[in-house]
Amino acid sequence: MPAQKIETGHEDTVHDVAMDYYGKRVATASSDATIKIIGVNNNSGSQHLASLKGHKGPVWQVSWAHPKFGSILASCSYDGQVIIWKEGNQNEWLQAHIFNDHKSSVNSIAWAPHELGLCLACGSSDGNISVFTVRADGGWDTTRIDQAHPVGVTSVSWAPAMAPGALVGSGLLDPVQKLASCGCDNTVKVWKLYNGTWKMDCFPALQMHNDWVRSVAWAPNLGLPKSTIASASQDGTVVIWTCAKEGEQWEGKVLEDFKTPVWSVSWSLTGNLLAVADGNNNVTLWKEAVDGQWQQVTVVEP
């Protein structure tokens, strides 16, 4: 598929791009405090569909909810707000809900696996993580992880809803509610919801980075017993964390030292390819070989 250039129309830096479930639209987040919705198709290029205004500062991230909940987008900003946008008529977006729970910049948002319902995790520079879940009556319940990373949370990522090893074992298991987070304390942490309360699920915190951890991504596991998390840091390294089975210790292995800050890591839907975006404006794709070593398979040309 040839690369397609998209003119966003933003007047400042673009911080995030998210493609919807069907690959038909992208949402972009920018320092100009707006979100743009752009239609993309292979033949006629891209078209501007909507511009969402509501934030009072740079918008760091946008995230589409699963389409079974309708056409819903979440955004988070330096202004401390998280906005849930809902599409009414085609390309007409309304602010369905605004969360003002955080006292400083909200740096990362992530929708939970759809099996858990409409549920959004948010990580903030105030050190806290909040999790908002929609109720049957349309209101929202909030659970919190206070001081998850006291000097600031930079990224949050949900574990797959299918319990590790669910395909190997037998019987139906309740979906798992777990989160990974990272922050300015140079650590990655894993959290699990027990009876409505979030508790740390890794001891001690996962520490192999020696500078801010910028991005964390939990790999889809497709029911296999092993859990895998990737983390990317200002220190130039990407670490692959694995937990052989529930209750065991996490082990970390450096994927690569990129010799420049690494901004973002992201898994393919099958969990076997990892995309890494680094400070030299490179995006590289990595794959685990049969012997457990990671190899670069390609560079995405800008």
Side-chain angles (χ1 to χ4, degrees), residues 6-41 44-126 128-144 155-158:
I6 297 172
E7 290 298 338
T8 65
H10 283 297
E11 291 160 20
D12 207 334
T13 309
V14 175
H15 297 290
D16 193 29
V17 180
M19 189 167 264
D20 75 356
Y21 185 83
Y22 299 110
K24 295 277 192 279
R25 297 180 294 180
V26 296
T28 56
S30 165
S31 272
D32 66 10
T34 70
I35 295 145
K36 307 278 190 197
I37 310 285
I38 300 155
V40 285
N41 66 46
S44 59
S46 57
Q47 68 183 119
H48 181 269
L49 301 176
S51 187
L52 314 190
K53 297 184 171 114
H55 283 295
K56 301 175 191 67
V59 186
W60 301 131
Q61 267 193 355
V62 281
S63 182
W64 295 90
H66 191 279
K68 83 177 195 184
F69 302 110
S71 193
I72 292 175
L73 190 70
S75 61
C76 65
S77 164
Y78 180 77
D79 65 12
Q81 293 189 327
V82 174
I83 301 181
I84 309 289
W85 307 84
K86 198 162 189 174
E87 189 179 22
N89 296 330
Q90 197 171 7
N91 299 324
E92 283 182 20
W93 291 82
L94 302 165
Q95 295 182 18
H97 204 89
I98 300 176
F99 295 107
N100 288 302
D101 295 52
H102 292 284
K103 298 297 169 270
S104 53
S105 176
V106 180
N107 304 318
S108 178
I109 47 174
W111 289 107
H114 64 86
E115 297 91 337
L116 303 179
L118 192 61
C119 178
L120 186 74
C122 314
S124 167
S125 290
D126 63 14
N128 303 330
I129 294 170
S130 52
V131 180
F132 305 116
T133 309
V134 86
R135 296 191 303 262
D137 66 4
W140 294 80
D141 287 328
T142 307
T143 55
R144 290 166 65 90
S155 178
V156 287
S157 177
W158 288 88

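In this chain, residues are counted from 1 in sequence order. Atom set for the values below is all heavy atoms of this structure, side chains included, hydrogens, waters and symmetry mates excluded.
Once rounded to the nearest 0.5 Å, the distance linking CD of Gln47 with CD1 of Ile38 reads 10.5 Å. To the nearest 0.5 Å, atoms NE2 (His10) and OG (Ser30) are separated by 5.0 Å. Rounded to the nearest 0.5 angstrom, Ser51 OG and Ile35 CD1 are separated by 8.5 Å. Taking CE of Met19 as the reference point, atom CH2 of Trp64 lies at 10.5 Å (rounded to 0.5 Å). Note that CZ of Phe132 is 5.0 Å distant from SG of Cys122, once rounded to the nearest 0.5 Å. Here the straight-line distance linking atom NE2 of His15 with atom CG of Asn107 works out to 11.0 Å at 0.5 Å rounding.
Looking at every heavy atom in both residues, Trp60 comes nearest to Ser105 through NE1-OG, 2.8 Å. Of all heavy-atom pairs spanning Ala96 and Lys86, the tightest one is CB-CB, 4.0 Å. For the residue pair Trp93 and Glu87, the shortest heavy atom distance occurs at CE3-N, 3.5 Å. Heavy atoms only, all atoms of each residue included: Val40 and Ser46 are closest at CG1-CB, 4.1 Å. Looking at every heavy atom in both residues, Arg144 comes nearest to Asp101 through NH1-O, 4.0 Å. For the residue pair Val156 and Ser108, the shortest heavy atom distance occurs at N-OG, 3.0 Å.
Side chain of Asp16 to backbone of Ala29: no donor-acceptor contact under 3.5 angstrom is found. Under a 3.5 Å cut-off, the side chain of Gln61 and the backbone N or O of Ile109 do form a donor-acceptor pair. Counting only distance, with no hydrogens or angles, the side chain of Thr133 and the backbone of Cys119 share no donor-acceptor pair below 3.5 Å. Counting only distance, with no hydrogens or angles, the side chain of Thr34 and the backbone of Leu52 share no donor-acceptor pair below 3.5 Å. Formation of a donor-acceptor pair under 3.5 Å by the Ser77 side chain with backbone atoms of Pro58 is found in this model. With Asp126 contributing its side chain and Lys103 its backbone, the two residues share a donor-acceptor pair below 3.5 Å.
In this structure, Ile84 and Leu120 have side chains that are in contact, with non-hydrogen atoms separated by less than 4.5 Å.
Within 6.0 Å of the NZ atom in Lys24, the count of heavy atoms belonging to other residues, nucleotides or ligands does not exceed 12.
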Steps toward side chain to side chain contact (heavy atoms under 4.5 Å, CB included) verdict (Arg135, Trp140): CA-CA 6 Å; Arg135 296 191 303 262; Trp140 294 80; 5.6 Å; no
Stepwise salt bridge (Lys or Arg N to Asp or Glu O under 4.0 Å) test for Arg25 and Asp20: CA-CA 6 Å; Arg25 297 180 294 180; Asp20 75 356; 3.3 Å; yes
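The distance between the ring centers of Phe69 and Trp111 does not fall below 6.0 angstrom.
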